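None of these values were measured; they are calculated from a predicted model.
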Amino acid sequence: SCATPGSQRASGFQARKCGKHARRATSFMDALKSRAAAAQERAAVRAVVCRKRAVHIGEEAMKRGAAIASDRGVHVAAASAAGGAVGMGAAGATVGVVSGGVIGAAVGAVPAVFTFGLSIPIGAVVGSGVGLVFGGSVGGAAGFVGAGALGYGAYTKREDISVAAAKCHAKTMEAYVLATQRVATCAASGRARAAEVIAAVRQRVLASTALAHERAVAAKQHAAARATAAKAKTIEFVSDRTVQVTAASSAGGAAVMGAGGAAAGLASGSVVGAAVGLVPALLTFGLSIPVCTMVGGACGLASGAAVGGTAGAVGGGAVGYSVFTKRQEITALREKTISKVGECSQYVKQTASHSADFVRTKIVSATGGTTPQDSD
């Protein structure tokens, strides 16, 4: 009752404004509800569609999984992959263990001075473990992929491989039949040629046998003649006085010169050995002197005997041969020398007699006496 008209108008305006906002809010809420209901309906429809799609996809996946599980190619590929993984994994693990151990030991050798060598086995063990894991993983993966691909490819191409194998077998059999026919033909022609060759060879063998027999007889006669001649020459050579004298002279020279050379070698070798033994005598308390003397004497004996025997054999043989072949000249020279000596002796005697007569004459003439001839 105390409100003024202006305040009443303001309150009415605010009320109208609030009512207007309330109506807008109500309409907005109604719109939101209708949109939410529509969205809920669409979500329900989409959920049903998605559920159907998921069921369809699951059924397709189950069918495909069953088909893959029942596929022989998959089985072969899986078995090949498993075998390849096992084989290559084992090989890779072995290589990894060895190489990792070597690398680990090499790395552990760096601080070995500070760890008193314990870092080498530790590095080798750690490297072997890492190499085992790495090599096994890499080898297994490579073997799995490679063997699986190879097995799957071989299985999928089995029909083509079978066809190729059948073609190869057919070609091989065809080639075998053709080769058999050619071999039979060649064998027949070969037998005919062999018969001809055998006949020709037989004739040649008979002719060669006759010729060889004739040549053998001639060779036998020639050999007998050569043997007879060689025997005669041998007997003549053995009975030759020159050969006998040369052999005897060579043997005598070898014996004499060998003994002399052995004695000289023994003496000189002993002296040289004793001189050599004097060098370490202080260290061996004098035992090196007799030892070196014996060794030097033995070496000198052997070398002197060998050298002297060889020289005596050669020299004695040469001297004996020369003397025997020149025996007539030597005999003539000896006789000539004896005659010369006799002539010289006779000349000396005559000269001495004449000289005595001359001296006697001179003495008689000097003394006034008579010579023995005058007195007679």
Side-chain angles (χ1 to χ4, degrees), residues 80 83 87 91 146-147 150-151 153-255 257-258 302-303 305-329:
S80 301
L150 182 62
Y155 183 78
T156 53
K157 300 295 183 180
R158 64 186 184 277
E159 294 181 357
D160 298 337
I161 295 173
S162 299
V163 172
K167 289 182 179 180
C168 291
H169 180 71
K171 289 183 179 180
T172 304
M173 293 302 297
E174 182 179 357
Y176 175 75
V177 172
L178 182 61
T180 304
Q181 293 176 356
R182 288 183 179 179
V183 168
T185 304
C186 292
S189 60
R191 283 194 295 271
R193 292 180 181 179
E196 295 177 357
V197 171
I198 289 172
V201 169
R202 183 177 298 167
Q203 293 177 359
R204 291 185 180 180
V205 167
L206 293 176
S208 300
T209 302
L211 180 62
H213 181 68
E214 293 177 358
R215 290 183 178 180
V217 172
K220 182 178 180 181
Q221 294 176 355
H222 182 69
R226 293 289 296 274
T228 303
K231 182 178 180 181
K233 288 184 179 180
T234 303
I235 294 173
E236 181 181 359
F237 180 77
V238 172
S239 60
D240 189 2
R241 288 289 298 170
T242 303
V243 176
Q244 294 175 358
V245 171
T246 302
S249 300
S250 178
M257 293 297 292
S303 60
V307 173
T310 304
V314 175
V319 171
Y321 178 78
S322 300
V323 170
F324 186 78
T325 53
K326 302 294 183 178
R327 64 185 183 278
Q328 295 179 357
E329 290 82 353

Can you give each donor-acceptor pair under 3.5 Å made by side-chain atoms of residues 193-219, sequence neighbours left out, with the distance rounded to 0.1 Å?
from: Ser208; atom 1: OG; to: Arg204; atom 2: O; distance (Å): 2.7
from: Thr209; atom 1: OG1; to: Val205; atom 2: O; distance (Å): 2.5

### Task
Measure across Ser80 and Ala147 and return the closest heavy-atom pair with its distance rounded to 0.1 Å.
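Here Ser80 and Ala147 meet closest at O-CB, 2.9 Å.
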### Query
Got a sec, which residues hit side-chain contact (heavy atoms from CB on, under 4.5 Å) with Ala305, two or more places apart in sequence or on another chain?
Ala262
Just list the side-chain donor-acceptor pairs under 3.5 Å for residues 159-182, sequence neighbours left out, or say none.
from: Ser162; atom 1: OG; to: Arg158; atom 2: O; distance (Å): 2.7
from: Thr172; atom 1: OG1; to: Cys168; atom 2: O; distance (Å): 2.5
from: Thr180; atom 1: OG1; to: Tyr176; atom 2: O; distance (Å): 2.6

